[in-house]
Every structure is written in C-alpha cells, then in structure tokens.
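Nothing fancy with the numbering, it's 1 onward along the sequence.
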Amino acid sequence: MWSLVGRDEEFALARRFLRQAGVNGGALLISGEPGVGKTALLDGVAEAAAEAGTRVLRAAGVEFEADISYSGLNQLLFPLYDAFGELAPAHREPLRVALGFGAGQPPDRLLVSNAVLLLLRSMAAARSLLLVVDDLPWLDRSSSAVLGFVARRLVGTSVGFLGASRSHTASFFEHGGIPELNLQPLQPDAAGELINQRFPELAPAVRRRLLSEAHGNPLALLELPTALSEPQRLAAASLPAILPLPRRLQALFASRVSRLPESCRRLLLLGALDGTGELGVLLSATDEYDLDDLEPAERDQLVRVHRNNRRFGFRHPLIESAVVEVATSAELRWAHNALARTLVAQPERRAWHLGEATVGPDEKVATLLEQAAHRILRRGDAVGAVASLTRSADLTPDPVERSRRLAQAAYIGADAGGELTNASQLLDDARRASPGGSLHAAAAAVHLLLNSDGDVRTAHRLLVGAIQSGSHGYDAEDQALIDAMHTLLLLCYYSGEPAMWEPFFTALDRLTPKPPELLTVAAATFADPARTGQAAANRLDGMVAGLSDEGDPTQIVRIGTASIYMDRCPDGRDANWRVVRLGREGAAPARRHLGVLLHLCFDDYHTGRWREAAELAEEGLALCNEHGFRFFTWYFQYIQALLAAVRGDVNTNQTITDAILRWAAPRGVRAGASFAYHAAGLNDLARGDYESAYQNAALLTPAGTLAPYVPHALWGCLDFVEAALRTNRSREAAAHATAMQEANLAGLSSRLALLSAAAAALVAADEQAEELFEATLALPDVERWPFDLARVRLAYGERLRRTKATAKSRAQLRIALAAFERLEAQPWLERAANELRATGLAKPRSMARLAVLTPQEREIAKLAGSGLTNKQIGEKLFLSHRTVGTHLYQIFPKLGITSRAALRDALAALDDDEDEGSQLEQTSKK
C-alpha cells in the first residue's frame, strides 16, 4: 500500500512481532515525530493481523477525552462487552463500573487492571487478539495506567499490544521494559517515490521544493501538495516563500474540513468530541444525519469508516483538531449537548459535555461537575479532579461558591496532585472571586507556603485562624473542615510543640455529631502515642485490616500516618505498594505517592529491607524535586541518614543530619530536628562516641521522660539508655527505662515492647539481667524487627561475657553477628566480632560457622547431610516431607550454605566452635 512506501524494514519487524504475539503474546511501541507514519504502520499491521485471523481491537487517545477517566479503555473493550459476563463477579463488576456500564464505588485501579488482563486472556483462548492503540499521549490517565499494566504482562498469552506515541511527548503510559520501534523520516529515495506516486503531475522544481520542505515527513509529503493550486503544482505560478510544517499542516487540515458539507462536519465534530470511535454514539446523538453523511470525509482521506464493526477513526490527530478548530461556538455547544443527552448512563462524561456546552453561569451543571470531580479523585486522578472543579467554578454564578470550588481545586492540586504552580494560580483566582477565603483556600495556602520555604508557625496560625473563623459550625460532614483538620494535624506534628496541639484538640472536641473515626485515631496514635496510642490500638488495627479493600490513595496515606508510631506500617505494605505502582504510572497523586513511599521506607528500615529502603528514599527525593515538594525532602534524607549510620558511613550521616538541622531550625520544623537527632545519635553509637550519642538522645527527649508530642522520642529510647550506661549515667538510664515501662510501650507494638523490655534488662543488676533478657527474647513477633533484635542479643551477649557465662554469651553473639552480617550493618558486626574474640575465640567465624540450630533443626541437618531425602527424614522423625523442606529452608541461611552437600562440613565446624566454647566455660568456672 502507498502509505508504507519506504517502510519495508519496519513493516517486516512489526509483522514478526505480530507472529510472535500470536503464539506467546507481547507488546511493541511505535514512536516518531508527528506525521512520520505511525498510524499508517498501525493500519498495515492491523490489516495483516485481520487477514491472518487475529481479532483486532482498536482505540486512540483523544485530546478532548484526556480528562475523562477510562474513556480510552471504553473504546478498546466496548466490542467485548458481551464477554464481560464470563468474568467472575469480583472482576466483572469493577470493570463495568470503571467503563461506565454499571454503578457502584469507584474500583481499585489494580483490580480493573487484573480484570482487563483476565478478560483478554479469556477471549484469546479461542482466537488470538491484537490491541492497537494510537496516540498514547492523549489517552486518559486511568486507561494509560491499566494498559501499561496489561502490556507488560502479555507474555504467555496469545494477545499482542501495539501502541503508537509521538516522540518527545509526555505520556501517562508507562512504557518501561516494552520494546520500541522508532520511525525515522523517509530516506530521500523513498520520499521521492511517495510523492511521485500520489502527485505524478508535479513539476520537477516544485517536487524538489516540497521534498526539501518536508524533510522526509510522509504526512507533509502527502498533504502539502493538496494546498497548492494547479498552476503552482505545474510551476506556472510561484510557491509561497516559507512553508512552516506544523502550522501549515494544521491550517491545511482545517481548510479541508471546512470544505465538507455541514452534515459531514457535524458528524465529524461529534466523533472528535466523543473520542470513542463508535458510530453508534454518533448516530444516537442526532436524528438529523446518517452514516452516508460521512462519505465526503472518507473520499478526502480524512477518516476511515469500518462498517463491519461500526467504528470510524481520523487518519491523523491534526484532522481531529482541525474539525474542532473550524467549528463555530454554536456548533460546539450543539455537539456537546447532543453527546450529553446520549451519555446519561455515564455521569462523568455527561457532566463534562454539559460543562462544555454551557456558556453562562449554571449552578446545576457546576454541581454535576463538582460531583464528577469527587468521583474522579476517589479513583486517585487528582489532575482530572482539578480540571473538573475548575470548569465547575467557571460555571458557578455565586462568587462565594465559585471561590470555594477554585480553592478546592487548588487544595487538591497542592495537597495531592503535585501541581503547585497551577495550584497557586487557582488560589489567586479563588481569592479574587471571594476575598473572604475558605478552608480549602487556607489549606492550599498552607501547602504552598510550606513548599516555598515558609515556616510552620505561620502556616499553623493561618490554618487555625481559618478554622476558628469559618462558618462550618464544626459539622463533621463538612469535607473541607475535615481536610483542614488533617492538614492541621500534620502542622502540629511538624512543630513538635505541645502548645500548638491545643487548637487542634479544641476543634476536634467541637466536631458534631462526632469526629470521623480516622481523624480521632490519628490524633491518638500520631500526636502523643506514648500517652494515648494504646487506647486507639484496636481501632487502628481494624482500619489497617481494611486496607486490602481500600482504593482511595488519600485514605491509604492517612491510615499509614496513624500507623507510623504504632509500627503498623508493615501491615499496610500491600496497599502502600498499590499506590506506589499507580504513582509510577502517573495514575496516583504525586503527594500520595510521596506519603506511601515514606511509610514503606519506615517499614523497610525496621524490618531489615535496607536496600529497598535506599531505593525508595532516592525515588522520594526525585519526586520531591520533580514536583517542587521541597518541604518533604527531610523525610527521605532521614532514611538515608539512618542507613548511613547502621552501615558505618559516618561522613554521609553527619552531612545529611547537619543539612536537616540547618533547614529545620529557621522554619520551626522541630519534627525534622528530632529525625536528625535520632539519626545522628545512632551514628554516634555506631562509631563509639557515646558522649555525643547521649547528647543527641537528650536533645530528642530529657532523661526519665518521653517528651510529650514528640513521638519520635519512642524510636530513640533504647539509644538513650545505652548511651547513658556507657557514659556512666546509670541513674538517667534507669529513669528512662522506668519511663518506658510506665508508659506501657508494650501495648503499642511488638517492636516497642522489645525496646522497652531490653532497656529494663540493660539497667538491671547482674543477678536479674539474664532472666530479663531471656524474657525479652521470648516476646512474641520480635523476629519482625531484625536489627533491633540483633542489638538486644548483642547487649545480652556482652552482659553474659562480663558475668563469665562464656558459652551462653557466644550463643547470643553468634546469632547477632549473623544478623548484622545479613543486614550489612558493619559497625555492629565488628562490635559483635570483637565481643566474640573477647570470649577467647582468636578469629570469629563468619555467619556460616556462627549459627545456632534448634535440636530438631540439628537432627534434620545431620540426616540430610548423611544423604537422606526429605521423605526418608520425615519417616524417621515422624514429620511430613514438606515440614522437613521448610526446616531445611531455614537451616541453610543459618549455616551460610546453599546446598545439602555443604551440610556435613558446616555442622562439623559448628561442633568445633561449641566444643571450644564449652572448654572455655569450664575454665572460667575453675
């Protein structure tokens, strides 16, 4: 076909992809500059696929639908609507709701993605499928996220994905890992062949000029000659001096569209604004026209009409734009109204079309757009919600209401979307509409102030004043008020000053009929958990358990915030990762993406996933930089400082903590300073500077108390006790351990129970210490916290060595050393090794020789080392072969080996160590 002139190599590659996809699935992206022939290549591959018996599903991104969630997916999957019933209800209903075919709560994006993948797999079982999606940059955010998810998971199916995108154009489609074919301009010979085929009558001089101006762009080669008069083509008249390609091409399309009959233009306008390519939508939107009215556009190669599947498509996005450009305002209003009447069952799209059809203020339409914005936001599409609210404000007759909606859009943009510049402009517009302001305006101003180096005290004063002077009547159903309260909660935390919490709790008590459960729980677990957290623990656990069904990123982040100092972040891990994945695909608000990254960093640090913590901290800092969230960089710098401390990178820790302190002090961010003191103190302990460690711990909280409204004091409490003991401040150490016991930290989390019990053991007399340490190690779930647990074992081993219990000391030190080695906690590893040497071991062995096995593990290891199979071992020990396998899975890393063949030597080395320890123990007793 003429449209593939000069594309033999690219078309052959695409057909190879097609054959492979029909057997084992796969995805391919085609990229290139506008007009380079991406759509032509898609058409050729789609035609070849159809001829080979593959079912082809097509969709294209539409500029006018880019803010309507799932509009692209609706295009693509509409032909499969009858097959939705083959899905299980758990997947069928979310898919129906997402695509506008059903009612219900907005579904989780991951659930929709899995539903689409299952649907495609099911359909491809009988006949291979090819998904063809043009103009990916114009695809709406939600569809882009789902299709990006699907495209990367097609291997092993008979489903192919072929997408096209303009080069250097931002897109919400995550294409990482997907092969890409970049179309280059045509070579001179191919360009000459193409223009000769289509315009053989061109004079040589004209032909040379057009080839020069087109630079090998096929669309320019095909379209530029159509704007020339016959005398110009024949060189009987001069050509224009300058032909700027992009503008001239758009003008050419506009002129071609303008020449069409009104009936044809109106149908094209409906198609451009609808964006689905469904002929049924066009024809149901108007009784005046029928399919034959599209014939002039077909003849002029502006559109393709596929009568067999009742779909049509524009041959190039510029044609689509031109259709809208040449339409009068009356024609645009007519088309939007017609589509709104047709889309009654799809409230978001209907509201958008009504908004575009409305000229003057219209509160009814404005309300519909605001409602649509809330639905969009619950799906995590902050940008779409801002767009809908902004249009809602444009149509709002009352200045106060208009200001409220603009302020709400500004708040969403600043708080969630990461659109700080746009949020600032919206906030200015809101203030001009109604100088009195609103709670959303105040909350938006707070976010802008914080991220423009404003101080916390000013932000706190601004928001407290807005809450106290508002007309909300402390109605707990007022979402603006609740959003403001959540923002105030964070401001109070950032301040680290008890007095700043007073206005928050006063407002909380005044909420009627009662405060929202999440706000109440967060106030108890995040503000001062040492004193109020235990009373809310059970309610928090219920919320965390419900995260598996939660799809709103805002709720996930807020529950995560309430979980931080109760150590429930590991329990919300799956939900947090859902938001991270959506954020990486551009389908979750940037600020929410930041929030869950921080919670995962905390989780990773405490549970020993330090490499992942480092990666997520880097991602968080990059996101702060990209979106201008300068205020939140200290969160992720703190994680980097902690990791530097535990790994022995002293200089990096000092550089980071100094930077945090220099930034936090002038802005009144005492929480940031607390983070820095904790990380600096841990660094001091690692390098053995115990006096400095004590001073940093004392800056975090005074001796003998857990500073009120400084929840981070909980995380440094064991550091305080250790540093105090090592600097001969036994009285302060004992007082702090007592404060931890009296606060009943064990009621908050298993990690804090471990720290509290260990502190009591550290300060106890020798005759009591061993019993207390044993009780500490016997606490439930302490294995979840490997670094803290290893530190406790190290302290226990040190105490046992000093009391001459050498064999017992070695047992604890071996386990601690193995844990530190796995974590790569070099300073603590060296400390444990030094302690082992002090027990008489001249050269402490590596983890492979310093593990301790339970009696049953030792017996299983011995039998496995002798050559018995899991089944034979199970028969001897009356265990199932699966149980034996599980034990071996745990034994191998303890011994530092990876195969059964290494078991005998590892056990022999372990026996040698224990014999040596026993001899030393007997010697010490003598």
Side-chain angles (χ1 to χ4, degrees), residues 414-415 418 420-421 423-424 445-463 487-500 526 561 564-565 590-591 593-595 597-599 601-602 605 613-614 616-645 649-684 692-693 695-701 707 709-713 715-716:
D415 174 62
L420 297 182
T421 302
S424 180
V446 162
H447 288 287
L448 294 171
L449 178 64
L450 291 179
N451 288 291
S452 61
D453 287 340
D455 69 278
V456 168
R457 294 181 184 87
T458 300
H460 181 273
R461 187 166 57 251
L462 185 158
L463 191 54
T487 302
L488 183 57
L489 176 90
L490 293 175
L491 288 176
C492 295
Y493 168 78
Y494 298 149
S495 76
E497 297 181 11
M500 284 199 175
F526 188 61
T561 298
I564 291 173
Y565 292 108
R591 178 69 180 87
H593 186 182
L594 270 184
L597 282 175
L598 177 64
H599 299 161
C601 282
F602 287 155
Y605 173 73
L616 295 183
E618 287 287 351
E619 182 177 348
L621 287 170
L623 205 60
C624 287
N625 183 59
E626 178 184 352
H627 291 277
F629 286 129
R630 287 179 290 177
F631 181 83
F632 302 106
T633 56
W634 57 279
Y635 281 163
F636 301 101
Q637 290 171 333
Y638 165 66
I639 297 298
Q640 292 179 327
L642 285 179
L643 294 174
D649 190 348
V650 173
N651 292 335
T652 296
N653 174 281
Q654 290 177 338
T655 299
I656 294 174
T657 52
D658 287 348
I660 294 175
L661 288 169
R662 285 195 305 271
W663 176 87
R667 294 166 179 81
V669 187
R670 291 183 62 186
S674 295
F675 278 35
Y677 295 144
H678 177 225
L682 192 63
N683 194 48
D684 293 333
S692 181
Q695 296 302 328
N696 275 306
L699 287 170
L700 188 57
T701 185
Y709 299 102
V710 183
H712 222 65
W715 288 13

To the nearest 0.5 Å, how far apart are SG in C492 and NE2 in H460?
4.0 Å
Correct closest heavy-atom pair for A671 and Y493 would be CB-O, 3.4 Å
Euclidean distance, L488 CG relative to L462 CG, rounded to 0.5 Å:
11.0 Å
I'd like to know if the side chain of N653 reaches the main chain of A679, judged simply by a donor and an acceptor atom lying under 3.5 Å from each other, with no hydrogens or angles considered.
yes
Grab the two heavy atoms, one from A613 and one from I639, that are nearest each other, plus how far apart they are.
O-CG2, 4.1 Å
Separation of T657 OG1 from Y677 OH (nearest 0.5 Å)
10.5 Å
Which heavy-atom pair separates V710 from G496 by the least distance, and what is that distance?
CG2-O, 4.1 Å
Nearest 0.5 Å, what's the OG1-NE2 distance between T561 and H599?
3.5 Å
To the closest 0.5 Å, what do you measure between CG (L450) and CG (L491)?
6.0 Å
If every non-hydrogen atom of S495 is compared with every non-hydrogen atom of M500, which pair is closest and at what distance?
CB-SD, 3.2 Å
Using the rule given for side chain to side chain contact (heavy atoms under 4.5 Å, CB included), can you reason through L616 versus Y605, listing the C-alpha separation, both sets of side-chain angles and the distance that settles it, and then say yes or no?
CA-CA 11 Å; L616 295 183; Y605 173 73; over 6 Å; no
Just checking, is any N or O donor in the side chain of Y638 or H678 under 3.5 Å from an acceptor N or O on the other one?
yes
Could you give me the CA-CA distance, side-chain angles and deciding distance for Y635 and L597, then say whether side chain to side chain contact (heavy atoms under 4.5 Å, CB included) is met?
CA-CA 10 Å; Y635 281 163; L597 282 175; over 6 Å; no
Report yes or no: is the cationic atom of R591 (NZ for Lys, CZ for Arg) under 6.0 Å from the centre of the six-membered ring of F632, at an angle within 45° of the ring normal?
yes
Give me the atom names and distance for the closest heavy-atom approach of G672 to I660.
O-CG2, 3.3 Å
Could you walk me through whether V669 and W663 pass side chain to side chain contact (heavy atoms under 4.5 Å, CB included), step by step?
CA-CA 8 Å; V669 187; W663 176 87; 3.8 Å; yes
Do V456 and F631 have side chains that get closer than 4.5 Å, going by heavy atoms?
yes
Sole residue of F526, Y494, F602, Y565 in ring-ring contact (aromatic ring centres under 6.0 Å, His included) with H712:
Y565
Could you state the interatomic distance from CG (L594) to CG (L621), rounded to the nearest 0.5 Å?
9.0 Å
Which pair of heavy atoms, one from A664 and one from A673, lies closest together, and at what distance?
CB-N, 4.0 Å
